[in-house]
2 protein chains.
Amino acid sequence: MKQNSLSKAVLERLPVYLQYLRSLPANAPENISATTIANELGLGEVQVRKDLASVCNLGRPRIGYMVSCLINELEAVLGYNKINDTIIVGAGKLGKALLAYEGFKNYGFNMVSAFDIDESKTGLTETGKNIYPLSELKKRCKEMQIKIGVIAVPAEQAQSVCDLMVESGILAIWNFAPIHLNVPKNILVHNENMATSLVLLSSHLTEQLNERQS
Amino acid sequence: MKQNSLSKAVLERLPVYLQYLRSLPANAPENISATTIANELGLGEVQVRKDLASVCNLGRPRIGYMVSCLINELEAVLGYNKINDTIIVGAGKLGKALLAYEGFKNYGFNMVSAFDIDESKTGLTETGKNIYPLSELKKRCKEMQIKIGVIAVPAEQAQSVCDLMVESGILAIWNFAPIHLNVPKNILVHNENMATSLVLLSSHLTEQLNERQS
DNA sequence: ATTATATCGATAAAGATATACCGATATGCT
DNA sequence: AGCATATCGGTATATCTTTATCGATATAAT
């Protein structure tokens, strides 16, 4: 593990490698080459090698990388070993889906509980997690030292929820509301922008259909 | 509107501008400057100007851009006027949330119906949309000429669902399963990778906490 | 009318990211 | 043993993206 200042682009691909490596069957060969990974994931082999080199140098010519070591290194660099407790504000369909999703623990995240302004939603979910009134957010975040929050409320309420989160000591926000949030500069906002995702699909589609016509 | 080969980076920011412009109150000034947009969205003003220039050249010095025109141009370039009918495979929490979400129509998308291998889920949702057995996917896609599909099933089933979609004539796939999909090269897969999003949050957090210590 | 200012679009420079190339090395084959 | 081959890591090059700079222009103020 050597990690120093990984670029955003690399940081976004590393989890993909990790996911792929974890998905390999138990009886797969002990070692894997960058070439193989590249083919499987549809990337360039040089890029894979460069990305992996930014994490560790344990590839051997003609042999490749030892899968188990690579997984360990990636987990270490990505911080998947330390558990990050996270809360969700908004217990609608999306909020509940995120709260219930088991897969986050594979990434070192633990969705602790959700908060909603509608107090009738208060209580335990099917999966045994608590939904609390929004009024308790600050108190509970401080208590549990929560540093990560998810915003799953409609756009109109997103900024005020965001402000409340910042006040509660949250440092990183995963925002699902389709709106730009204003935050102090030490707070990170990552926008999960559906519009952005959809545009990529739609513009690909337009290209495809145009090509067929011409 | 001039659109020719917009870069991915630009394509990802355009919806953000559109979203922001639409959110302006009705009594806001008729024109807006790149400087203002940049400040509101936390971007560089030159970047905003360049991005907008890639769509149209209707900014006037000292005046700025006419909001309504800009919205029209952006909608045209992004293809938000043609409605893209879309189906979802997987009617679990996530699938249902996506099916119910009203906001997609703002982006020119219409979530038509969902499909699930579990036939007990078949029927109408609260919002009046149909859930069908997966076995009907191909027939219904062909009938309705669906070109876009959403994968909201567990990783293990994602590849087979994907194959089925391709067979059904779908050209663009929005994949929520944490796995790389193999597809023919004319099919676009956009991965909504939670791991990737989370990594960015988590690595920011690590940096923040390290800074405080030193 | 002249000057000051905000803002534009275009071009140039800088920075980030991806690709190509090459020498080194570990294995398998003759 | 010696050669062919797959694969690595590093350096160099090319491409893509962002940021800086500048002359032009439309309005407002003097």
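Just so you know, these numbers come straight off a predicted model, no measurement behind them.
- Under the 30°/60° scheme for interplanar angles, the aromatic rings of B/W174 and B/F176 are found to be tilted.
- Taking the six-membered ring where the residue is Trp, the centroids of B/Y20 and B/Y17 are separated by 6.0 Å or more.
- With contacts defined as side-chain heavy-atom distances shorter than 4.5 Å, the pair A/L188/B/Q208 does not qualify.
- Going from atom CD of A/E30 over to atom P of C/dA26 covers 17 Å, rounded to whole Å.
- Rounded to an integer number of Å, the gap from A/L58 CG to D/dT7 P is 17 Å.
- For A/S33 and D/dT7, the shortest distance from a side-chain N or O to OP1 or OP2 is below 4.0 Å.
- Under a 4.0 Å N-O distance rule, the pair A/E75/A/R22 qualifies as a salt bridge.
- For C/dC8, one of the phosphate oxygens OP1 or OP2 lies less than 4.0 angstrom from a side-chain nitrogen or oxygen of B/R49.
- Take the nearest nucleotide of DNA chain C for A/Q47 and for B/E45: the residue whose nucleotide is more 5' is B/E45.
- In this structure, A/G64 reaches the sugar-phosphate backbone alone: every heavy-atom distance under 4.0 Å involves primed, P, OP1 or OP2 atoms, never a base.
- A donor-acceptor pair shorter than 3.5 Å cannot be found between the side chains of A/Q47 and A/D51.
- Computed from coordinates, the B/D51 CG to D/dC16 C1' distance equals 14 Å when rounded to whole Å.
- A straight line from CD1 of B/I37 to P of C/dT7 spans 11 Å, rounded to a whole angstrom.
- For A/Y65 and D/dG9, the shortest distance from a side-chain N or O to OP1 or OP2 is below 4.0 Å.
- Contact annotation: side chain of B/R62 to base of D/dT27, donor-acceptor pair present below 3.5 Å.
- Both A/V46 and A/P61 lie close to DNA chain C; mapped to their nearest nucleotides by heavy-atom distance, the more 5′-ward contact belongs to A/V46.
- Taking atom CG of residue B/L43 and atom C1' of nucleotide D/dT17, one finds them 14 Å apart after rounding to whole Å.
- In terms of position along DNA chain D, the nucleotide closest to A/L52 lies nearer the 5' end than the nucleotide closest to the other residue of the pair A/L52 and B/K8.
- Distance, B/N31 CG to C/dA6 C1': 13 Å, rounded to whole Å.
- Checking the phosphate oxygens (OP1, OP2) of C/dT17, a side-chain nitrogen or oxygen of A/S7 falls inside 4.0 Å.
- For the OP1/OP2 pair of D/dT18 and a distance below 4.0 Å, the side-chain nitrogens and oxygens of B/R13 include at least one atom meeting the criterion.
- In this entry the distance linking CD1 of B/I63 with P of D/dA26 reads 9 Å, nearest Å.
- Atom CE in A/M66 sits about 17 Å away from atom C1' in C/dA26, given to the nearest Å.
- Using a 4.0 Å heavy-atom distance criterion, B/G59 is classed as a sugar-phosphate-only contact.
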